Amino acid sequence: MSEYWHDYNGAFHPVSAPDYLPVKQLQALQLQRLQAMVQQAYHNVPLVRQRMQERGVTPEDIKSLSDLSRLPFTTKTDLRDTYPKGLFATPLKDIVRLHASSGTTGKPIVVAYTQEDVQVWASVMVRTFAAHGLKRGDVIQNAYGYGLFTGGLGAHYGAEALGATVIPISGGNTDRQIMIMKDFDVTAICCTPSYFLHINERAKELGIHLTDLPIRVGVFGAEPWSEAMRQRIQADSNIKAFDIYGLSEIIGPGVASECVEQAGLHIFEDHFYPEIINPQTGEVLPDGEEGELVLTTLSKKAMPMLRYRTRDITSIIPEPCACGRTIRRVQRIKRRTDDMLIIRGINVFPSQIESALLSAEGTLPHYQIILTRDKGLDQMEVQVEVTPETFSDQIRKLEELRQKIASEVHTTLGLQVRVTLVEPHTIQRSEGKAKRVIDKRGEL
Ligand code: DLL
């Protein structure tokens, strides 16, 4: 591992040192940063000041990390309501970058960064890559989208600061991705797991097997994916597939990442303080319990976030990791409070369906969930692609597979769903975040 990286002012930092701070030292640093951040937000963001005043809390009341629970939450709606610049805590002249998350309806969510913020961002991405064993000499193909999306530039500056060779190819143009991967001896790729599936599949069609290439690491995130999906990817392409997590409102990618143990994602908690709450009551839950992840930025200058409700469901893993890092881990994020589908009164998360589908042999990891309403009753159809060999099997065998999947889904969810086996390539491939659910219930 390259031991040092330098920021844009030429200062040198030991890579990943903050991952290993003694816990007391880490907590002292968190408190000191929290206090400064709350001051900054209180004095510069009217909404924060107003909400704190309503609760009768002043920045001086934050004397320990547990006082965090006295602070108000921030939600996605707050970002929308204060569009475009209402949550900025620094003058525009100190802001060097803006990003936005696309959002399906209404105004986008805009986020801002100072020079210092983009340096912190690069540093957490350096720690991400370093945790995957990447270093100077590696060739990183960055297929996250460049532009307003945080994935492309976030990974880019981290990879560059690491000292690796970055190929800023962005998403799309899959044949070119494969050519570049081969011709430049790419050792790592950054993209969504669903896009990687597509690249791998297309490569095979072109007669190129990723197992024959130097690529050995996948830096996958931006969408939920299951452990079953990871196992499929690793077995099929002989790479180590790592899960990375982040969100625009907090910084982008670089909030949390797996290490080589692949046993939960370490939160870079010297910059992003995690809490888990009961999404219904807002009550803070102890480590180990599952709930909604709430993140507080400890060093963001342009747009500090106080107790941001991510809507992502996970739990903090109380045990230390075998890798020796002292920063805590969260479980893989399988679902969001708002991606829950209620089908005939039963709560269903797309990730549960993914795991059920992939447990059957002969399926491909391409699927889609289609919701319709028939005579007022919700209907769910799961379309899943099967391998060409399976598809050319006898009808009886296909029917057996279909029933096996339907019974697997039934066991997992307690719900009868219609399973349709479709030919390879029927389901649209994604170059970014996959769209797994098509909800036509409103149209009928
Ligand atoms: O997706 C940032 C990112 C880029 C993360 C590249 C990782 C890699 P947004 O577009 O704002 O930002 O979407 C954030 O995506 O709240 C989660 O619901 C979901 N998400 C991100 N990473 C993961 C992951 C980027 N590893 C939202 N597993 C988050 C599950 C994820 N969900």
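Fair warning: this is a prediction, and the values are worked out from it, not measured in the lab. Counting starts at 1 for both ligands and their atoms, following the listed order.
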One finds that the ligand 1 atoms under 4.0 Å from a non-hydrogen atom of Pro224 are 28 (N), 30 (C), 32 (N)
- Can you check whether Ser248 has an N/O within less than 3.5 Å of an N/O in ligand 1? yes
Nearest heavy atom to atom 26 (N) of ligand 1, choosing from Thr150, Ile244, Asp338, belongs to Ile244
Only residue of Ile244, Val124, Asp243 satisfying side chain to side chain contact (heavy atoms under 4.5 Å, CB included) with Ser257 is Ile244
#### Entry: Arg230 side-chain N/O to Ala241 backbone N/O, donor-acceptor pair under 3.5 Å
yes
- Task: Could you tell me whether some N/O pair between Asp312 and ligand 1 is separated by less than 3.5 angstrom?
- Result: yes
re atom 24 (C) of ligand 1, the protein heavy-atom contact at minimum distance is Glu223 O, 3.6 Å
One pair to check against side chain to side chain donor-acceptor pair (under 3.5 Å): Arg232 and Thr363. What are the steps and the verdict?
CA-CA 11 Å; Arg232 290 270 180 120; Thr363 55; 3.2 Å; yes
The answer for which part of Arg311 has a heavy atom under 4.0 Å from ligand 1 is neither
Checking heavy-atom distances from atom 14 (C) of ligand 1 to each of Ala155, Gly151, Gly246, Ala222, the winner is Gly246
For Gln177 and His198, which I'm curious about, is there any donor-acceptor pair between the side chains at under 3.5 Å?
no
*Report yes if some N/O of Trp225 lies less than 3.5 Å from some N/O of ligand 1; otherwise report no.*
no
Q.
Just by distance, no angles: are the side chains of Thr426 and Gln383 close enough, under 3.5 Å, to form a donor-acceptor pair?
A. no
### Donor-acceptor side-chain pairing of Thr372 and Glu381 below 3.5 angstrom
no
**ligand 1 to Gly221 polar contact by distance, N or O atoms, under 3.5 Å** = no
Does Lys433 have a heavy atom less than 4.0 Å from any atom of ligand 1? yes
Taking only non-hydrogen atoms of Ile333 and a 4.0 Å limit, the atoms of ligand 1 in range are 28 (N), 30 (C)
Hey, does Phe149 come in under 3.5 Å of ligand 1, counting only N/O atoms on both sides? no
Q. Between Asp338 and Lys76, is there a side-chain N and carboxylate O pair less than 4.0 Å apart?
A. no
- Item | Between Ser194 and Ser430: side-chain donor-acceptor atoms closer than 3.5 Å | yes
